[in-house]
There are 4 protein chains.
Amino acid sequence: MNTKKVAIVGASGYSGEELVKLLLNHPHAELVAVTSRQNAGLTLGQVFPKFASHPKSKALRFTDPNAAVLAKQADIVFLALPHGVAAEFAIPLLAAGCTVIDLSADFRLKSAAVYKEFYAHDHPAPDLLQKSVYGLPEVHRDAIKKSNLIASPGCYPTSILLPTIPLLKAGIIKPAGIIADSMSGVSGAGRKAEIDYLFCECNESVRPYGVPKHRHLSEIEEQLSLAAGSPVVVQFTPHLIPINRGILTTLYLAPHEHFNDAAGAAKIGEQVAAAYQAAYANEPFVRLLEGKALPDTKNVEGTNYIEIAWRLDSRTGRLIVMSAEDNLVKGASGQAVQSMNILSGWPETTGLV
Amino acid sequence: MNTKKVAIVGASGYSGEELVKLLLNHPHAELVAVTSRQNAGLTLGQVFPKFASHPKSKALRFTDPNAAVLAKQADIVFLALPHGVAAEFAIPLLAAGCTVIDLSADFRLKSAAVYKEFYAHDHPAPDLLQKSVYGLPEVHRDAIKKSNLIASPGCYPTSILLPTIPLLKAGIIKPAGIIADSMSGVSGAGRKAEIDYLFCECNESVRPYGVPKHRHLSEIEEQLSLAAGSPVVVQFTPHLIPINRGILTTLYLAPHEHFNDAAGAAKIGEQVAAAYQAAYANEPFVRLLEGKALPDTKNVEGTNYIEIAWRLDSRTGRLIVMSAEDNLVKGASGQAVQSMNILSGWPETTGLV
Amino acid sequence: MNTKKVAIVGASGYSGEELVKLLLNHPHAELVAVTSRQNAGLTLGQVFPKFASHPKSKALRFTDPNAAVLAKQADIVFLALPHGVAAEFAIPLLAAGCTVIDLSADFRLKSAAVYKEFYAHDHPAPDLLQKSVYGLPEVHRDAIKKSNLIASPGCYPTSILLPTIPLLKAGIIKPAGIIADSMSGVSGAGRKAEIDYLFCECNESVRPYGVPKHRHLSEIEEQLSLAAGSPVVVQFTPHLIPINRGILTTLYLAPHEHFNDAAGAAKIGEQVAAAYQAAYANEPFVRLLEGKALPDTKNVEGTNYIEIAWRLDSRTGRLIVMSAEDNLVKGASGQAVQSMNILSGWPETTGLV
Amino acid sequence: MNTKKVAIVGASGYSGEELVKLLLNHPHAELVAVTSRQNAGLTLGQVFPKFASHPKSKALRFTDPNAAVLAKQADIVFLALPHGVAAEFAIPLLAAGCTVIDLSADFRLKSAAVYKEFYAHDHPAPDLLQKSVYGLPEVHRDAIKKSNLIASPGCYPTSILLPTIPLLKAGIIKPAGIIADSMSGVSGAGRKAEIDYLFCECNESVRPYGVPKHRHLSEIEEQLSLAAGSPVVVQFTPHLIPINRGILTTLYLAPHEHFNDAAGAAKIGEQVAAAYQAAYANEPFVRLLEGKALPDTKNVEGTNYIEIAWRLDSRTGRLIVMSAEDNLVKGASGQAVQSMNILSGWPETTGLV
């Protein structure tokens, strides 16, 4: 099988570190460059002692990010940069013929106006918004295959979209009134020196934030609208909890069909089960839980899997769907590698199981 | 001021331990007895090293629980026992003239049928259900004053009822469609030797449980129905997170009045603010957050306070209310002491600030 | 009883916050000023939501630290500042007649040369080193009573000195070869925005640091030398563990008398027990554990107590002593308040139990 | 390369679970049986949801442990059982021709008398003690190659032996006076339903235990005596800290040669460095840290690596050596797989990197 040279821009954050781990162990990707302004000159092993035993840990040194240099080194460049900055790098890399897999929000939306509404600055490359593909393989696999600009989804959106899209597409739930309540580990805030994310500020603490208009709503709503065929507005509340990794999302959904007893629930339950089976029975990274099992982030920690379970409540007529993922893997770097596998023609699970 | 003799039945669990702490430091309550089958014979200091420096730590020994003996020793008996067992103790204690403050679910409901539906066994003392008072001081203070049987509320219910009742009473929100999404620390599961609550099973984990019909729904719905003047059905999802203490609840509520812009939100916001001010401006243990502040369990850890904040979302037309409390204090033992203060004629904050 | 006005310079760190808590609830101290450059202008309740229900939370505003202003406001000033900076504030405050209780290392040593060796800069006020008293009440109570400049001990030193000094004074152990191995919660690193203390860097991690010459060695060795009557050199290794609060220290000590069996151990054990009884039987904050009990930081969390237990090992001829304290209370702010109580003529436990 | 059939007896504990993970992903080992009394009949995926996406998760069912049955199914049987019980299984398995890799303490000692002293019961199969090989590959690789009964080392012993043995063998340190101070994550206590290991008992807690004579001392001392060529007695103190996985050990060692300045330290430092280089430069799983780096359990979590760093203290004349490992991998299951690779003739790192 062919091998490709890959680079990571912004490799010293948590997503970047996870990408390093995945790409170091990927049989077809050769990690040729890692960049980080503050760590330029240091070896991989010096910055990340956990990788010190890897054969490349001494040879691979962090460099200052430079698009022109990277374009010569790598076939595929992963951008693990803040929004706004990512787009600036993507432009010359694409122009030079590289494939770009961006983990920021810069290419996730089709509308520059919505981008500005949620990210508070003009989009640096609005023309590229029509060319990029939202890198959720379970939904956009065919488009990913042909794309050279992947917008890898956000961590919260992944945990919300995968459980919801099949139900909207199958017409089982109403597009209106969707509520997503999520809890995230602290790595989601990035490796930033801020008081709010110190150990003592997060340990023995749980708190909501970004209420009621978190930035991830923009891509959640765009993707759900696409699935529903009509505009979808979502209620979304993220919470910070004291774990390193993991997102647990609980979704409150309204089936079109009214039910208030076990028989009604059973009928809708068959539809829900069928929709999930149709969508995910053959998906390597979606785990539909059975029986009494409910999602737990510890079951997916360090993996690219997402767990999904659901319950119908005949007292309220609602469908409750719960998901668990590792925010740094399926919610970020693992999913980005999954897209790389797809567009490179490699088996989709390569380096991920 | 008068002093009363108090006893704790089931003092070796987490709620019991917190009660011990509060009562040891209470200026008007004299802790005369603590019971625990497995610790009978041991001193307070032996069972709880943290209390070993208290003057009573050596003199006070755990005994086997015996209602007849307790009735002679104590004026007020706190029951920190499993449901079902608590009622068995309450009957003779009440008969002997004691005041009973029960931390279990046994006297929280008015209907023995609902009790059986949610707790899966016949109520041991249905006659007492009409005599007991639901010990939520901010709502039932006057009834607590005159009662000798207090059903101290559950931890989740407290975190849900206090934010919701003023809005229902003021007619601001619809009684239908209420959703409560809660996260609780592990002490809520009690000091029980079960694999599910081992450190390694809870650390780096977040998981929903009891979906969709947790037992606490019964008292939540009864109290909200009372406030609304009509039957209320609630959607409630508890989650277990790796903290020792604390509950964070996020409520999704629907204002009667439609709004979809800042002006509409401002108008309803005035009503919400007024309802909370009217209900809680003078309440010593309810903290209405201002400005950008959102609840955080670490701000109420070890205290009897509950933090409440709210946001109106003009994109969805919903009101989001969030609360944070310490599940063992305001959610259990602190609230029980608050009721004791009220019915004893002591200042309500005695021993709690 | 008289009341004194007190101020805290540097009140926004973890020790400062704990001091605020203790002084707000102290019956004889009136907290009149809190300073913090970055929070100047904000109220106590805005900076620390946990204090928002206290009567002073709105009235008391953080100010920029200004010694001249503070000297007019307060009788006693607590300095919760970095070393070097603390001394600069102490000079004018003392000159203006204030009592200064310093939580930094600036006045803990008698020798400016040792200070420079360990803190890498000239001491800003070497003349004051002879006037200051090391604020370890169990050892220097009489001197504290008469002092107006208290150097409150470091967190690690407290956990090491209290278990060791009585044994050295009684001549039971050799002054040579003392080893102290300590584990500290992350609050010991202060509320500083540094990557190393982010939640994800500390959670699921344990690591030594400052090996082999941590700054606290200077005061540990000075105080132990004083107790032994001869120079003492100590081996000290601190470790960072993922808890908010608490220090656990394990000491490896060599009794003068050789022993290698139960009888020998019993004989030395009597001496050890007698030395601890003589030193601490009447100390309100030292808890000598009995039977099989061993120290645990959770038993002293949020309190001014220190737990001490010991074991003789007849296989190695060593005495193992273990202690547990809350680094922010007995290891910092609680001990500082204890000194304040002593020098003010108030009962020593005022506001601390 | 050849493939072997392997089984795990006692696969539902933490070590067993880690073994399952490693063996499921091992290219030459085919996991054919997992046993567990309480989970008999359940599939792998039901007991461990984290393995539910593995091809074998539904086909492989837990069975009641039965040596006769296992002997027919497997070439190699891993025993993850309590001491005492393990030996009972080993006897018939060995008799039937299986290779046994035991993770308990049953075959780690050469002396049945020492076994009885530390484990408080007679050894069930004293004859086998001379046949078993202590499965520390870096020390006993050649013997492992030829053995069919491997006693895989304990978690604490591994963290102590690997840093100490090369120094003893090289004659750099004195065999007398060795002190090992260790901190372990809670998984070391096993998946047992005991109050002491509940989340709320371990979180925000650090505590010593088993002082001064922990069972692991027996194998530590036997192996160090072997390396030193003379009897070695060790001081060992384990502590429990709130992490899932990881052991950090700090060793206090005395070089034969006296030194009290930088020059003396440099000279001994060269010897230490040379001894470690000679022992471990080519060892795939020993990571000798360089420069200012110190061990941190988070750098080895989930891996078979052990980190080692050392410092000479010219103030005390001591050598401080620190190590970090994952107690479930290098300290248990990973090391057991490493032995399996060696005795099977597979590359030693197979399935472990």
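The chains referred to below are lettered A, B, ... by the order of the sequence lines, with proteins before strands, and numbering in each begins at 1. Source: prediction; values computed, not measured.
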Salt-bridged, E290(D) to K58(A), with N to O below 4.0 Å? yes
Counting only heavy atoms closer than 4.5 Å, note whether N244(A) contacts chain D via side chain, backbone, both or neither. neither
Per-residue contact mode, N25(D) against chain A (heavy atom under 4.5 angstrom): neither
Give, for atom OG of S53(D) and atom CG of N304(A), the distance between the pair rounded to the nearest 0.5 Å. 10.5 Å
Is the number of heavy atoms from other residues, nucleotides or ligands within 6.0 Å of NZ (K56(A)) greater than 12? yes
Heavy-atom contact with chain D under 4.5 Å, split by part of E307(A): side chain
What is the distance from atom CG of N299(A) to atom CZ of F51(D), rounded to the nearest 0.5 Å? 10.0 Å
Indicate yes or no: at least one non-hydrogen side-chain atom of E204(A) is less than 4.5 angstrom from one of N203(D). yes
